[in-house]
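Reading through the structure tokens given below for one structure.
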Amino acid sequence: GVPVALDNPQRPFELPEIQHGASSGYRTALARWLTRPDHPLTARVLVNRVWHQYFGRGIVASSDNFGRSGDLPTHPELLDWLAVEFVESGWSLKHVHRLITRSTVYRQSSRTRSVNDGSSTDPENRLLWRMPLRRMEAEVVRDSILACAGTLNESLYGSPVLLQPKSDGQVGIALGSLGSAGDQYRRSLYLFNRRNYHLTELSVFDQPTVSHNCIRRESTSVVSQNLALLNGEFANSQARYFARKILQHSSGRSDSAVRRAFAATLSRSPNSQELELCDTLLQNQLRRYQALPDMTQQAAERSALAHLCLMLFNTNEFLYID
């Protein structure tokens, strides 16, 4: 049966008749009971977790505990309304995603507006008077870098991409097991997830372990993240691919390349001060690479631009959703 405290006395759960076949029918009966339109928890728990993914905190902050020892909902009417919409739409998660992403609360900026904002009365932003500042998940960081560089392999299905530990303690992709060279740039969804080690680019950005259930992801800020994005082979190689792609589609002027780099990474144009700083960086790096032996002018320009692309990968504006 099911816990009596969760059951409806007017419509109690009924065990199916025992069938003498491949299945007893118990799991089907439980699934139907859980998704009954008047069930008090299933729809609420699910929409609360969707909300948590977008805002970093659920309407009920204790996503894994809706009981008396859990947190009270900050917006109980909203939780009920979303649950009803979810059920009446035929349990369509796409419908819930659309409702949330089209809402005014989702389209807010994370920046404080003035000295008279809600920071004094609601410092934890529980009432969502602004959008919470959130760093992208580990998989999204990696996939975004690949997308900017133009190397992201968007193919669907197939075998997972295997990983292997290296002698220096890092974990990389097992290149010898790939079906094709481009498979190493498949979306992070297809990376084989082992319990004892993760891809270094993902583990430093708090990819959860699979040895236990992950209710919510942690978001830390540690030096290893900067080291991976500044000195790591993955970030540097993708910056070189990114620079090559920009030079193929821009004129010979440096400001054209800078504008394309900003548009791809930050989805905006650089202001005058940023243009000046980027130009200074490019000129300094260009002189540095020109001084190297056997370095052509074209290679020096590409290397200087790759350095700028790497810097953009490391900006908070690229890593955080505001």
Side-chain angles (χ1 to χ4, degrees), residues 52-56 97 100-101 106-107 109-111 131-156 160-161 163 170-173 181-193 198-208 214 216-250 257-270 274 278 305-322:
H52 173 91
Q53 290 295 319
Y54 283 113
F55 296 96
H97 285 295
I100 294 175
T101 55
Y106 177 78
R107 290 182 281 120
S109 170
S110 63
R111 301 178 182 180
M131 188 68 176
L133 183 66
R134 296 176 298 121
R135 196 191 66 216
M136 295 189 294
E137 293 90 345
E139 297 87 346
V140 182
V141 172
R142 176 180 177 272
D143 292 358
S144 297
I145 292 175
L146 292 173
C148 289
T151 57
L152 181 65
N153 184 345
E154 298 183 4
S155 60
L156 303 177
V161 179
L163 308 177
Q170 299 191 62
V171 177
I173 291 174
D183 286 349
Q184 62 180 309
Y185 302 135
R186 296 196 73 187
R187 289 183 297 157
S188 302
L189 171 71
Y190 292 102
L191 299 183
F192 194 81
N193 202 337
H198 293 193
L199 188 70
T200 297
E201 290 80 36
L202 300 183
S203 62
V204 295
F205 283 102
D206 309 306
Q207 185 188 35
C214 177
R216 63 178 59 84
R217 291 198 178 201
E218 301 297 330
S219 182
T220 62
S221 181
V222 293
V223 176
S224 56
Q225 296 165 358
N226 303 96
L227 293 175
L229 285 184
L230 281 173
N231 303 329
E233 174 56 30
F234 171 76
N236 279 270
S237 65
Q238 294 307 307
R240 291 191 290 269
Y241 283 123
F242 189 18
R244 187 179 306 168
K245 185 181 83 169
I246 291 174
L247 289 174
Q248 289 174 349
H249 298 91
S250 61
V258 171
R259 292 181 189 278
R260 284 189 174 272
F262 267 71
T265 52
L266 309 182
S267 299
R268 66 174 178 85
S269 297
E274 289 168 335
C278 290
L305 182 58
H307 192 86
L308 173 64
C309 294
L310 186 65
M311 294 302 101
L312 289 175
F313 287 158
N314 280 267
T315 59
N316 284 339
E317 193 172 348
F318 179 75
L319 296 171
Y320 283 80
I321 303 172
D322 61 0

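These values consider heavy atoms only, across backbone and side chains, with no hydrogens, waters or symmetry-generated copies.
In this structure, Asp183 and Ile173 have side chains that are not in contact, with every pair of non-hydrogen atoms separated by 4.5 Å or more. Here the side chains of Glu137 and Gln53 are in contact, with some heavy-atom distance below 4.5 Å. Using a 4.5 Å cut-off on side-chain heavy atoms (C-beta onward), Phe318 and Leu312 make no contact. Counting only heavy atoms from C-beta outward, the side chains of Phe205 and Arg135 approach each other to under 4.5 Å. Counting only heavy atoms from C-beta outward, the side chains of Leu319 and Gln225 never approach each other to under 4.5 Å. Contact of the Val171 side chain with the Ser203 side chain is not registered, since no non-hydrogen atoms from C-beta on lie closer than 4.5 Å. Using a 4.5 Å cut-off on side-chain heavy atoms (C-beta onward), Leu152 and Arg186 make no contact.
Contact between Thr101 and Arg107 at its shortest, heavy atoms only, is O-CG, 4.0 Å. The two atoms that bring Ala306 and Ala239 nearest to each other are O-CB, 3.5 Å, heavy atoms only. The nearest pair of heavy atoms linking Ser188 to Leu202 is OG-CD2, 4.1 Å. Heavy atoms only, all atoms of each residue included: Val222 and Asn226 are closest at O-OD1, 3.4 Å. In terms of heavy-atom proximity, Cys148 sits nearest to Ala264 at SG-O, 3.4 Å. The two residues Leu305 and Ala243 come nearest to each other via the heavy atoms CD2-O, 3.7 Å.
Annotation: Tyr241, atom OH; neighbour count of heavy atoms from other residues, nucleotides and ligands within 6.0 Å does not exceed 12. Within a 6.0 Å radius of CD in Glu154, other residues, nucleotides and ligands contribute 12 heavy atoms or fewer.
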Practice problem: Test Met131 against Phe55 for side-chain contact (heavy atoms from CB on, under 4.5 Å), laying out the working first. | Solution: CA-CA 7 Å; Met131 188 68 176; Phe55 296 96; 3.6 Å; yes
Check against side-chain contact (heavy atoms from CB on, under 4.5 Å), Leu199 and Phe234: CA-CA 11 Å; Leu199 188 70; Phe234 171 76; over 6 Å; no
message: Applying side-chain contact (heavy atoms from CB on, under 4.5 Å) to Tyr185 and Gln238, what does each step give before you reach the verdict?
response: CA-CA 10 Å; Tyr185 302 135; Gln238 294 307 307; 3.3 Å; yes
message: Does Glu274 form a side-chain contact (heavy atoms from CB on, under 4.5 Å) with Arg268? I'd like the steps, not just the answer.
response: CA-CA 12 Å; Glu274 289 168 335; Arg268 66 174 178 85; 2.8 Å; yes
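Remark: Glu317 does not engage Arg111 in a salt bridge, criterion side-chain N to carboxylate O under 4.0 Å.
Note on ring orientation: taking the six-membered ring where Trp is involved, the planes of Phe313 and Phe242 are parallel (angle under 30°, cut-offs 30° and 60°).
Side-chain atoms of Asn153 do not come within 3.5 Å of backbone N or O of Gln184 as any donor-acceptor pair.
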